[in-house]
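First comes the structure, then the notes that go with it.
Chain identifiers are assigned alphabetically (A, B, ...) following the order of the sequence lines, protein sequences preceding nucleic acid strands; residue numbering begins at 1 within each chain. Just so you know, these numbers come straight off a predicted model, no measurement behind them.
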Number of protein chains: 2
Amino acid sequence: MANEAQKALIRRLDLVAKLDNDDREALSRLPIAIREVGAGTDIVSEGQRVTQCCILIDGFTHRYRHTFEGKRQIIAFHVPGDIPDLHSLHINVMDHSFAATTRSKIGFVSHEAIWSLCLARPNVAAALWLETLIDGAIFREWIVGLGRLSGKSRTAHLLCELAMRLRSVGLAPDHVYCLPLTQHELADALGLTVVTVNRVLQEFKLEGLLDRDRSRMAIKNWPALARIGEFDSDYLHFRADVDMKASPPTAH
Amino acid sequence: MANEAQKALIRRLDLVAKLDNDDREALSRLPIAIREVGAGTDIVSEGQRVTQCCILIDGFTHRYRHTFEGKRQIIAFHVPGDIPDLHSLHINVMDHSFAATTRSKIGFVSHEAIWSLCLARPNVAAALWLETLIDGAIFREWIVGLGRLSGKSRTAHLLCELAMRLRSVGLAPDHVYCLPLTQHELADALGLTVVTVNRVLQEFKLEGLLDRDRSRMAIKNWPALARIGEFDSDYLHFRADVDMKASPPTAH
DNA sequence: CGGGTTTTTGAGACGGTTCAAGCGGTGTGG
DNA sequence: CCACACCGCTTGAACCGTCTCAAAAACCCG
């Protein structure tokens, strides 16, 4: 499908910023090279100097860092339409790694192309800046969770966040979505161990809050899970006028 | 002293971005209203809609949020020259609060003024965007610490970070600085309790790593403390060519 | 000097870790 | 097509870092 990267990007930006047709037109002319990457591969590594940004088109990706003792902390997960390394536009040397959790389709745009687009269309520049700010808002939310919530709450919060973000791009109708993460990966994001994550998930399942089979995740009792996770989607900063429920994937 | 807000801001931006004289000139003409706020006061509160940004000129401030059970998590600390709520330029409703830790001098600039400066001088826009990205890089660092490091390491890391950031604005020569935080406030930033922070600090003191009296903090063994905290200042993204050691406070 | 906050200390409890082992599905090669 | 190896999930039990509760000591400010 032609232009899928541009479409994913425009769809995402439309969720949070006000673009006009000229902006969308300019975005759809961005030169983007598409490549598939295998599960578990680093797309960009810590310490690397980069001259392009990645747009996630399809699949599941995450960002992470290791401690001296080799423990891994996952810093973020990404859904299609996200530009996980947009910060590299100003900070050229990566201070963490960006990897494909599952086999993923990635679009690559040169910094140059983004720069000239930003200069030509301040509106787009504003949308991209906003995008990096929302990234930061999500970090703040994780900090509060890691610092002050229990393992159970953190887990609930993450499951709600992913549901909400996937739903915003049409990938989680009714809070049912594909979550291709091992419990180990969840643990590394939550600051927990596999053992604890396993027990928490079982507890949730037992209480009828969710249902899981392979990579299928279904949240059966959203209000309860959201309460446990102290989840309120405000920090994702979707535009007030977007109707999440109605948004289906763009037909193709 | 006239223009102190502009000077603090320019000094800070010069640390991370390349500005030319026209940029500095434009920045120094920003209309900034100065106000002093008492210790413990909220400068901007969660949920509030804002139309201006704050520049910390003098004092110590932090950002925080509360959990449902009333636990506080401090999300960030700020040093003079910082614009703690620069994100409000695009995200008008605060998703956390910004408060004065001690009596502080704050400059207020309207969003409008910043917007027109950004449009007129893309260089300044880039510097401000970068500023918000560094904010995000610090969040990532905190996430790794909270998720995967021990209380001891986190404490060491925070003390190193503050030393480095204060030093960059001339407020911590030789790793000696004024740290007007109670152990309770440190605990709320580190995701620990006062009791634990107290014990960790005593341990550090006993091992000769630091010296503390009132609000005076002196790091006596930087390499050792940095090692414990896994601290490497790269994530603060100072320009490669700034010589931290030489930088004295701008004469006034 | 007196009242409030901050720091310090002790002891017991708990959330989450660590270690260790068994289970189940899945893909691969003989 | 079965055997084997591998990876992810599950379970149990001991252990430990950090919390909680509680109270005393030190400090600060008016």
Side-chain angles (χ1 to χ4, degrees), chain A residues 38-40 60 62 67 69-74 101-103 145-159 178-206 210-217 228-230, chain B residues 38-41 60 62 67 69-74 101-103 145-159 178-206 210-217 228-229:
Chain A
F60 214 90
H62 63 271
T67 65
E69 298 92 40
K71 290 181 188 165
R72 175 176 67 167
Q73 174 67 40
I74 290 179
T101 321
T102 61
R103 179 165 190 78
L146 286 166
R148 290 292 180 229
L149 298 185
S150 69
K152 211 174 152 179
S153 292
R154 260 135 66 196
T155 308
H157 189 101
L158 180 59
L159 294 178
C178 169
L179 185 70
L181 297 175
T182 63
Q183 296 185 357
H184 191 86
E185 285 161 336
L186 282 172
D188 281 350
L190 294 166
L192 297 171
T193 32
V194 213
V195 178
T196 309
V197 168
N198 183 275
R199 283 169 181 150
V200 168
L201 288 180
Q202 279 182 62
E203 216 178 317
F204 285 162
K205 201 180 280 189
L206 206 71
L210 54 82
D211 206 23
R212 190 161 201 235
D213 179 49
R214 315 290 167 107
S215 64
R216 177 178 168 279
M217 168 68 69
I228 293 172
E230 307 202 1
Chain B
T41 349
F60 215 89
H62 64 272
T67 65
E69 298 90 42
K71 290 180 187 167
R72 175 175 67 165
Q73 175 66 41
I74 290 180
T101 321
T102 60
R103 179 165 189 78
L146 286 166
R148 289 292 180 230
L149 299 185
S150 67
K152 212 174 152 179
S153 291
R154 260 136 63 198
T155 309
H157 189 101
L158 180 59
L159 294 178
C178 170
L179 185 71
L181 297 175
T182 64
Q183 296 185 357
H184 191 84
E185 285 160 335
L186 282 173
D188 281 350
L190 294 166
L192 298 169
T193 27
V194 212
V195 178
T196 308
V197 168
N198 182 275
R199 284 172 179 147
V200 168
L201 288 180
Q202 278 182 63
E203 217 177 318
F204 284 162
K205 202 180 276 190
L206 206 70
L210 54 81
D211 207 24
R212 190 159 200 234
D213 179 47
R214 315 289 166 105
S215 63
R216 177 179 168 280
M217 168 68 71
I228 293 172

Using heavy atoms to find the nearest nucleotide of DNA chain C for B:V194 and A:V197 separately, return the residue whose nucleotide is more 5′.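 Nearest nucleotide further toward 5': that of B:V194.
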Please report the interatomic distance CG(A:L181) to CG(A:D188), rounded to the nearest 0.5 Å.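 A:L181 CG to A:D188 CG: 10.5 Å, rounded to 0.5 Å.
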With rounding to the nearest 0.5 angstrom, report the OG1 to CD distance, A:T193 to A:Q183. 11.0 Å
If I take atom [atom1] in residue [X] and atom [atom2] in nucleotide [N], what distance separates them, rounded to the nearest angstrom?
{"X": "B:R103", "N": "D:dC29", "atom1": "CZ", "atom2": "P", "value": "15 Å"}
{"X": "A:R148", "N": "C:dG15", "atom1": "CZ", "atom2": "P", "value": "16 Å"}
{"X": "B:K152", "N": "D:dC16", "atom1": "NZ", "atom2": "P", "value": "16 Å"}
{"X": "B:D213", "N": "D:dA26", "atom1": "CG", "atom2": "P", "value": "15 Å"}
{"X": "B:L190", "N": "D:dT18", "atom1": "CG", "atom2": "P", "value": "11 Å"}
{"X": "B:L192", "N": "C:dG16", "atom1": "CG", "atom2": "P", "value": "14 Å"}
{"X": "A:K71", "N": "C:dT17", "atom1": "NZ", "atom2": "P", "value": "9 Å"}
{"X": "A:H184", "N": "C:dG16", "atom1": "NE2", "atom2": "C1'", "value": "16 Å"}

Contact under 4.0 Å: [X] side-chain N or O vs [N] OP1/OP2:
{"X": "A:T196", "N": "C:dG16", "answer": "no"}
{"X": "B:Q202", "N": "C:dT9", "answer": "yes"}
{"X": "A:Q183", "N": "D:dT10", "answer": "yes"}
{"X": "A:N198", "N": "D:dC9", "answer": "no"}

Under the side-chain hydrogen bond (donor to acceptor under 3.5 Å, both in side chains) test, residues paired with [X] that sit two or more places apart:
{"X": "B:S150", "result": "B:S153"}
{"X": "B:T182", "result": "B:E185"}
{"X": "A:K152", "result": "A:E203"}
{"X": "A:E230", "result": "none"}

Tell me every residue that passes side-chain contact (heavy atoms from CB on, under 4.5 Å) with B:R199, counting only those two or more places apart in sequence or in another chain.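 Once residues adjacent in sequence are excluded, the partners of B:R199 under the side-chain contact (heavy atoms from CB on, under 4.5 Å) criterion are B:V195.
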Mind checking ring pair (Phe, Tyr, Trp, His ring centres under 6.0 Å) for A:F204 and listing every partner two or more places apart, or none if nothing turns up?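 Applying ring pair (Phe, Tyr, Trp, His ring centres under 6.0 Å) to A:F204 gives none.
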Would you tabulate the nitrogen or oxygen pairs shorter than 3.5 Å linking the protein to nucleotides 21-27 of chain C?
{"from": "C:dT26", "atom 1": "OP1", "to": "A:R214", "atom 2": "NH1", "distance (Å)": "2.6"}
{"from": "C:dT26", "atom 1": "OP1", "to": "A:R214", "atom 2": "NH2", "distance (Å)": "3.2"}

Output a table of nitrogen or oxygen pairs between the protein and nucleotides 10-13 of chain C separated by less than 3.5 Å.
{"from": "C:dG10", "atom 1": "N7", "to": "B:R199", "atom 2": "NH2", "distance (Å)": "2.6"}

Which nucleotide in the list C:dT7, D:dT18, C:dG16 gets nearest to the side chain of B:R212? C:dT7
Secondary-structure string, 5' to 3', Watson-Crick or G-U under 3.5 Å, | for another-strand partners, for DNA chain D: ||||||||||||||||||||||||||||||
Results of salt bridge (Lys or Arg N to Asp or Glu O under 4.0 Å) for [X] - residues two or more places apart only:
{"X": "A:R154", "answer": "none"}
{"X": "B:R216", "answer": "none"}
{"X": "B:R103", "answer": "B:E36"}

Can you name the one residue among A:L146, A:I74, A:L158 that meets side-chain contact (heavy atoms from CB on, under 4.5 Å) with A:L190? A:L158
